[in-house]
Amino acid sequence: MATESQEYMNGIRRPGPLTREIPECMRDKYTVIQTVLDVLAFLMLAIGYVIQGIYKSIVGIPKKDLKGNIALVTGGGGGLGSLIALRLARLGCVIVLWDINKKGLEDTEKLVKGLGGKCFGYVVDLASKDDIYQVAKKVEKEVGRVTLLINNAGVVSGQYLLDTPDHLIQRTFDVNILAHFWTVKAFLPAMLEHNDGHIVTIASMAGQVGVAKLVDYCSSKSAACGFDEALRLELEVKGVKGVHTSLICPYFIRATGMFEEVNSRFVPTLSSNDVADRVILAIRTNEPLAVIPAYFRLLLPFKWIVPWPCISELIRGLVPDAVPAPAPTPEQKRETKHILATPSKCESRPMSLASPPARHDRQV
């Protein structure tokens with residue numbers, strides 16, 4: 001009796017009333033027909049979404065008013081984070097800045113207040129989960145409920161994988177992706193409670209395409225892309241309509257302190273002001289994905305279509321060296337000569353990782 005009360009759906013047995021009505025020889029055909037109908041229904045839905053997207057791109061999307069929002073920007077003590085904070089302040093947002101650089105926080109805070117905006121700066125070590133949770137509670141108590149979270153902070157080591165100290169790889173992941181988990185877990189519950197909020201993930205084109213000397217950076221940014229997509233889908237599955245997410249994937253940006261010496265051919269590096277403007281547009285239009293420059297969005301599918309040698313030649317031609325070594329200063333040359341002239345005993349132990357060169361721990 002139990003067998004008779006089951007039917008074939010999508011190739012597996014499920015309880016249903018049609019088992020006795022469908023002969024054994026027809027059940028496979030029934031499954032095929034149902035699959036075809038499901039595919040047709042999906043295609044019709046997809047075409048509707050495409051037409052809707054084309055219409056919005058032609059007519060434009062209304063921009064939401066951000067006045068009165070409390071916007072938290074990680075890495076707001078300089079670079080792109082500072083520029084985003086200034087633009088949000090002009091739109092009437094209350095600005096909360098998080099950064100490990102106290103001097104940078106103070107400078108950005110002065111600029112925001114110079115525009116007549118409200119700004120609160122907090123020194124936070126984004127590599128520390130406990131510090132993030134502790135300061136998040138402090139922000140909620142002193143400023144209010146964060147409605148706009150911009151995970152912008154990032155670090156880059158800029159060395160070949162085998163030359164990168166372990167603690168820098170760990171820090172890259174702590175800041176570039178794990179911090180996103182802790183900030184979202186700290187502020188998303190209140191957003192869900194009020195059905196109002198926006199989470200912005202500043203990733204990179206390096207999260208879509210691998211680049212030499214950036215193995216740890218590309219890996220962390222790829223994780224950030226997956227984080228945003230999975231989080232957005234999770235919110236949709238839960239039926240959340242008022243909380244939005246935006247993923248920003250820019251090419252190399254000038255004047256942020258991270259890729260100042262990047263050797264880029266064919267495609268110029270981006271202006272940080274232009275990228276900041278694009279981020280604000282994505283926020284105000286609830287845009288799920290912003291690729292900068294936009295034409296890269298058309299090129300990305302070729303990564304999975306054309307043979308790997310084509311992709312390799314293109315990437316190596318486009319970015320011959322992501323982090324060129326800067327020319328040594330006269331002081332560094334004198335130090336090198338002094339070291340070479342001083343006899344020393346060779347040791348088998350690994351070099352100390354306590355104080356890495358400053359250029360290999362750049363932060364925005």
Would you say K185 has more than 12 foreign heavy atoms packed within less than 6.0 Å of its NZ? no
Please walk me through it: do L149 and T183 pass side chain to side chain contact (heavy atoms under 4.5 Å, CB included)? CA-CA 8 Å; L149 171 62; T183 57; 3.8 Å; yes
Just by distance, do the side chain of T108 and the backbone of G104 share a donor-acceptor pair under 3.5 Å? yes
Using the side chain to side chain donor-acceptor pair (under 3.5 Å) criterion, which residues pair with S264? Sequence neighbours excluded. Y251
Quick one: does D65's side chain have a donor or acceptor within less than 3.5 Å of a partner on K67's backbone? yes
Could you list who else is in I47's hydrophobic cluster, with ILVMFWY side chains joined at under 4.5 Å, directly or through other members? I51
Can you sort out the partners of D216 under side-chain contact (heavy atoms from CB on, under 4.5 Å), two or more places apart, ordered by chain and number? S157, T164, I169, T172, F173
Could I get the full list of side-chain contact (heavy atoms from CB on, under 4.5 Å) partners for P309, not counting sequence neighbours? P307
Could you tell me if H198 and T147 have a donor-acceptor pair between their side chains, going purely by distance under 3.5 Å? no
Just by modelled atom types, is the T269 backbone N or O under 3.5 Å from a matching donor or acceptor in the R254 side chain? yes
Do you know which two heavy atoms are closest between S246 and N286, and how far apart they sit? OG-C, 4.4 Å
Enumerate, atom names and distances included, each donor-acceptor pair closer than 3.5 Å involving a side-chain atom of residues 290-303, sequence neighbours excluded.
from : atom 1 : to   : atom 2 : distance (Å)
R297 : NH1    : L289 : O      : 3.4
K303 : NZ     : Q208 : O      : 2.4

Within this structure, what is the CG-SG distance for the pair L66 and C93, rounded to the nearest 0.5 Å? 4.5 Å
Would you confirm whether N195, through its side chain, and G242, through its main-chain N or O, come within 3.5 Å as a donor-acceptor pair? yes
Residues at least two apart in sequence or cross-chain that pass salt bridge (Lys or Arg N to Asp or Glu O under 4.0 Å) with D125, listed by chain then number, are none
Regarding D166 and Q170, do their side chains bring together a donor and an acceptor under 3.5 Å, going by distance alone? no
Output every pair passing salt bridge (Lys or Arg N to Asp or Glu O under 4.0 Å) with a member in residues 142-154, not counting sequence neighbours, ordered by first then second residue. R145-D196
Exam field: side chain D131 to backbone S128, donor-acceptor pair closer than 3.5 Å: no
So E234 and V237, do their side chains get closer than 4.5 Å, heavy atoms only? no
Fit a plane to each ring of H180 and F227, take the angle between them on a 0 to 90° scale, and name the class: parallel (under 30°), tilted (30 to 60°) or perpendicular (over 60°). perpendicular
For a quick check under 3.5 Å, do T74 and N152 share a side-chain donor-acceptor pair by atom type? no
Taking Y217's backbone N and O only, do any of them form a donor-acceptor pair with S220's side chain (distance below 3.5 Å, no angle check)? yes
Examine the side chains of R87 and N273 and answer whether a donor and an acceptor come within less than 3.5 Å of each other. yes
Taking every heavy atom of A153 against every heavy atom of G75, the minimum-distance pair comes out as CB-N, 3.6 Å
K103 vs D107, salt bridge (charged side-chain N to carboxylate O under 4.0 Å, His left out): CA-CA, chis, key distance, verdict: CA-CA 6 Å; K103 180 63 168 59; D107 292 342; 3.0 Å; yes
Given a cutoff of under 4.5 Å between side-chain heavy atoms of I, L, V, M, F, W and Y, with clusters grown through shared members, what are the other residues clustered with L314? none
Salt bridge (Lys or Arg N to Asp or Glu O under 4.0 Å) partners for K113, two or more places apart: E109
Within this structure, what is the CG-CZ distance for the pair D174 and F181, rounded to the nearest 0.5 Å? 12.0 Å
Atom pair CD/NZ of Q134 and K138 - distance to nearest 0.5 Å: 8.0 Å
The side-chain contact (heavy atoms from CB on, under 4.5 Å) partners of A179 (sequence neighbours excluded) come to L126, I132
By side chain to side chain donor-acceptor pair (under 3.5 Å), which residues pair with S204, not counting sequence neighbours? none
Mind checking the NZ-CE spacing from K221 to M205? Nearest 0.5 Å is all I need. 13.5 Å
Nearest-0.5 Å distance that lies between atom CD in E287 and atom CG in L247: 10.0 Å
Regarding R232 and D228, does a basic nitrogen lie under 4.0 Å from an acidic carboxylate oxygen? yes
Is the backbone N or O of V323 less than 3.5 Å from a side-chain atom of K213, with the two atoms forming a donor-acceptor pair by type? yes
With sequence neighbours left out, the residues meeting side-chain contact (heavy atoms from CB on, under 4.5 Å) with A223 are I177
For residues N176 and G154, report the shortest heavy-atom separation together with the two atoms involved. OD1-CA, 3.1 Å
Linked, directly or transitively: V243 and L233 (ILVMFWY side chains, under 4.5 Å): no
